[in-house]
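Take a look at the structure set out below.
Because only heavy atoms are used, hydrogens play no part in the values below, and waters and symmetry mates are left out as well, while side chains stay in. So that the names make sense, note that chain A is the first sequence line, chain B the second, and so on, each numbered from 1.
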Amino acid sequence: MIADLAHGFSIALSFENLFYCLTGVVLGTAVGVLPGLGSLAAISLLLPVTFYLEPTTALIMLAGVYYGSEYGGSTASILLNLPGTPSNAVTCIDGYPMAKKGRAGVALFMTTIASFIGGSIGIMLLIVATPVFLSFAMMFQSKEYFMALLLGLIMAATISSGSPLKGLAMLTIGVLVGTIGVDNQTGSSRFTMGYFQLYDGISIVIVAMGLFGVAEIIWSIMSNSNPTIRDKITLRSLVPEREDLTRSVVPVLRGAGIGSIIGPLPGAGLALAAFLSYAVEKRASKTPERFGHGAVEGISGPESANNAAAQTAFIPTFALGIPGTASMAIILGAMMMHGITPGPQFVRENFDMFWAIVASFWIGNLLLLVVNIPFIGVWVRLLKIPYQLLYPAIICLICVGVYSINTSIFDVWLLLAFGLAGYIMRLLAFEPAPLLMGFVLGPLLEDNFRRAMLLVRGDFFALFTGPINTAMLAIFIVAVGWSLLGSYRRRAARAGQD
Amino acid sequence: MHRGDMRDILGGLLVIAVGGTFAWAATGYSFGSGRVIGAAYLPFSAGVIAMLIGAGILIPALFRKGNPIEFNPRPVIWVLASVLVFGLLIQRVGLIIALIAVVAISALGSRESKIWQVVPLSIFMAIACWLIFVRGLGLPMPVLRNPL
């Protein structure tokens, strides 16, 4: 394994890969810093650009955007009390009070260090756990794949957030949108309404940019109030006190553990990892009353957790080809666009590529440390750019990006449709993430369903039998039942308060 | 205040409509036999499931009170209009003018926009995108074109 990793490093350290890794993490930090622009939109924005790159290089860059945004996200939380990405929301609770006490620099330093340690532990787990998952995945046939995809999708849609029913609705519609185009098994064109531009299906770039780009911008314009930052972040102000460090050691390690476990679970996502870590630290603390008033454990634990989760989220994506979150679904979509099918064959057949990507994660995290600590002033200045200057620029990039996929105006009209749909979804409190997951994984689901049905000779209920499927079903019922019970209790508690 | 949670009533109806449209359109394709799954099987089932879920969202919403939907048309109209104008202009007059129009129109969506910021930004974006996409990545798209 050491030799494999060393080999991976030798590829990842090539000039080109290093350059794109740096580009990825810098862009990732930037979109993380800026509220109202997520890593999901940024990755889809970059997707058309990566067509011109080697698949390995492309993935190194796109993954860099993904985990880089977790580093940047805490900056806005601390300075503006406004999370840069959803998973940094908890960092507001203690990060912003720290900034009000004039300790913004320390908070920024501690979150960066915590992110680095959490990320590194997550990568180590990724290296150790992927082979285990792989040997598990070897036992998978189409029947098991179908079940894992189906249950994973349902779990992701119900657990992620908000209303489980609405999540399921979005998931189903996503699957439906994914069937648009020529059916690769029967050759009949589905729902194309005579438009030949729809034969190959709708590009994932358009769906993601419409739902997470255009719609998100419309939504952010309304809620943006251009807050001002008073703090001056000097390098000297970054230096933490001894107490900050000693207090953070255990929370960071504990956070990394929590994040590593949460990361691979479908639908759980990085925000849950951060929230869980915060709750654990508050409970474990001897002085829980300090939480909410600038307790350093309240930022270092969660920031370690979400970065660890960001790395371990790659485990099921790489080993099983089943992403747990919408961001991972985009990464999976990127892999498929480059002609790589994730899953057990991916690691076996693209051995070099897998290890190069893993090695690049480490390099990327190291680069992020450099990008974030000495250059923190740059990011703070970026945060001062008013949103009314930023969003027209992003719309330009989205328009040109979508048009460039096929140099087709038809794609621009589709973008318009998905932008409008995404806005309506937000207006009616539907989450767009399950739709994207259904859209990406729907075709895989159908493919495996067909093969499985052939295998079981058309006996639908036989799909639910077999040791692996029974075990997966049992886990699924427990997990979903538990989360539904939780959301029911929360609702009951809220009703009681009213 | 009217009765019912308008947000979920509308949401449920929309989900039913989308699911119903797909399910109905899917009946035009082959369902296949038990073993060989036809083109209609998955979209039809998913469409019916979507309709059921939509009903599950709609029905309880009829019997509870909700908040009115807050809707601010300004950003919606101008941002979508800017995308529309990009589609109309890109092949007629080329990238530069299309992007200047995109910035100008989308900026109308925010109350904070100021003309002395929008003008330089539009020129900057037009040149930046030309440099990145056309010169840098070599994408084939018209840069400046005489519409006549």
Side-chain angles (χ1 to χ4, degrees), chain A residues 49 52 163 165-166 168-170 172-173 175-176 179 183 185-188 190-191 214 217-219 221-222 224 226 386-389 391-393 395-401 403-404 407 409 412-413 415-416 419-420 423-425 427-430 442 445-446 449-450 453-454 457-460, chain B residues 7-8 10-11 14-15 18-19 22 25-26 29-30 32-39 42-43 46-47 49-50 53-54 56-57 69 71-72 74-76 79-80 82-84 86-87 90-91 95 98-99 102-103 106-107 109-110 112-114 117-118 121-122 125-126 129 133 137 139-141:
Chain A
V49 179
Y52 304 91
S163 148
L165 212 50
K166 286 181 162 180
L168 286 177
M170 286 297 104
T172 328
I173 291 178
V175 171
L176 286 171
T179 60
D183 176 20
Q185 299 274 316
T186 61
S188 56
R190 293 190 284 194
F191 314 116
V214 176
I217 287 172
I218 298 175
W219 200 248
I221 294 173
M222 286 187 254
N224 236 277
N226 282 328
Y387 195 66
Q388 75 266 18
L389 285 183
Y391 83 82
I395 296 175
C396 287
L397 294 176
I398 291 176
C399 286
V400 181
Y403 178 69
S404 74
T407 47
I409 296 185
V412 180
W413 305 145
L415 172 73
L416 199 60
L420 181 63
Y423 175 71
I424 293 171
M425 282 157 57
L427 206 58
L428 303 176
F430 283 91
L445 189 74
E446 186 176 31
F449 176 64
R450 280 176 160 151
M453 284 299 268
L454 207 62
R457 300 197 174 83
D459 179 8
F460 182 73
Chain B
R7 215 177 53 182
D8 280 8
L10 273 178
L14 273 175
V15 172
V18 173
F22 271 99
Y29 314 122
S30 147
S33 66
R35 280 186 216 183
V36 183
I37 303 300
L42 182 94
I49 293 170
I53 296 171
I57 296 170
I69 303 168
F71 175 67
N72 179 359
R74 181 172 175 161
V76 190
V79 169
L80 294 180
S82 72
V83 178
L84 180 81
F86 178 83
I90 178 73
Q91 287 183 348
L95 185 74
L99 286 183
V102 167
V103 174
S106 65
S110 168
E112 315 276 332
S113 297
K114 292 160 193 79
Q117 287 178 331
V118 173
L121 179 69
S122 64
M125 281 317 293
C129 285
F133 290 96
L137 295 168
L139 297 178
M141 49 179 90

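With a 4.5 Å cut-off on non-hydrogen atoms, Leu84(B) touches chain A through its backbone and its side chain both. The contact between Ile173(A) and chain B is made entirely by side chain atoms (from C-beta outward), counting heavy-atom distances below 4.5 Å. If you measure heavy-atom distances from Thr179(A) to chain B, the contacts under 4.5 Å come from the side chain alone. Of the atoms belonging to Ser404(A), heavy atoms from both backbone and side chain fall under 4.5 Å from chain B. If you measure heavy-atom distances from Ile424(A) to chain B, the contacts under 4.5 Å come from the side chain alone. Heavy atoms closer than 4.5 Å to chain A are found in both the backbone and the side chain of Ala26(B). Using a 4.5 Å cut-off between heavy atoms, Leu121(B) contacts chain A through its side chain alone, with no backbone atom that close. For a residue to count as touching a neighbouring chain, one of its non-hydrogen atoms must lie under 4.5 Å from one of that chain's; by this rule Leu10(B) touches chain A with backbone and side chain alike.
The main-chain N or O of Ser110(B) is never found under 3.5 Å from a side-chain atom of Tyr387(A) such that the two would form a donor-acceptor pair. Distance alone, capped at 3.5 Å, is enough to place a donor-acceptor pair between the Tyr29(B) side chain and the Phe191(A) backbone.
With contacts defined as side-chain heavy-atom distances shorter than 4.5 Å, the pair Thr407(A)/Leu139(B) does not qualify. Counting heavy atoms from C-beta on, the side chains of Trp219(A) and Val79(B) never come closer than 4.5 Å. Taking the side chain as every heavy atom from C-beta outward, Val15(B) and Lys166(A) never approach each other to under 4.5 Å. You'll find the side chain of Leu416(A) stays beyond 4.5 Å of the side chain of Phe86(B), heavy atoms only. Side-chain contact check for Val118(B) versus Pro392(A): every heavy-atom pair is 4.5 Å or farther apart. Side-chain contact check for Arg190(A) versus Pro43(B): some heavy-atom pair is nearer than 4.5 Å.
The choice from Leu168(A), Leu389(A), Leu454(A) that makes the most heavy-atom pairs within less than 4.5 Å of chain B is Leu389(A). Put simply, of Val36(B), Val102(B), Val103(B), Val76(B), the one with the most heavy-atom pairs under 4.5 Å next to chain A is Val76(B). Interface remark: of the candidates Trp413(A), Phe460(A), Phe430(A), Trp413(A) forms the most heavy-atom pairs closer than 4.5 Å to chain B. The greatest number of non-hydrogen atom pairs below 4.5 Å with chain B, out of Leu445(A), Ile409(A), Asp183(A), is found for Ile409(A). Ranking Leu415(A), Val175(A), Ile217(A), Leu427(A) against chain B, the residue ahead of the rest is Leu427(A), based on heavy-atom pairs under 4.5 Å. Your options are Gly38(B), Gly54(B), Ser82(B), and the one with the most heavy-atom pairs under 4.5 Å with chain A is Gly38(B). Listed options Thr186(A), Val412(A), Thr172(A), Val400(A) were ranked by heavy-atom pairs under 4.5 angstrom with chain B; first place goes to Val400(A).
Of all non-hydrogen atoms in Tyr391(A) and Ser113(B), the two that sit nearest each other are OH-OG, 4.2 Å. Across all their heavy atoms, Asp8(B) and Leu428(A) have their closest contact at OD1-O, 4.3 Å. Smallest separation of non-hydrogen atoms from Leu397(A) and Cys129(B): CD2-SG, 4.0 Å. Taking every heavy atom of both residues into account, Gly109(B) and Ile221(A) meet most closely at O-CG2, 3.6 Å. Considering all non-hydrogen atoms of both residues, Ile57(B) and Ala169(A) come closest at CD1-CB, 4.0 Å. Heavy atoms only, all atoms of each residue included: Arg7(B) and Ala429(A) are closest at CZ-CB, 3.7 Å.
Between atom CG of residue Leu80(B) and atom CD1 of residue Ile395(A) there is a gap of 9.0 Å, rounded to the nearest 0.5 Å. Between atom CZ of residue Phe449(A) and atom CG of residue Leu42(B) there is a gap of 7.5 Å, rounded to the nearest 0.5 Å.
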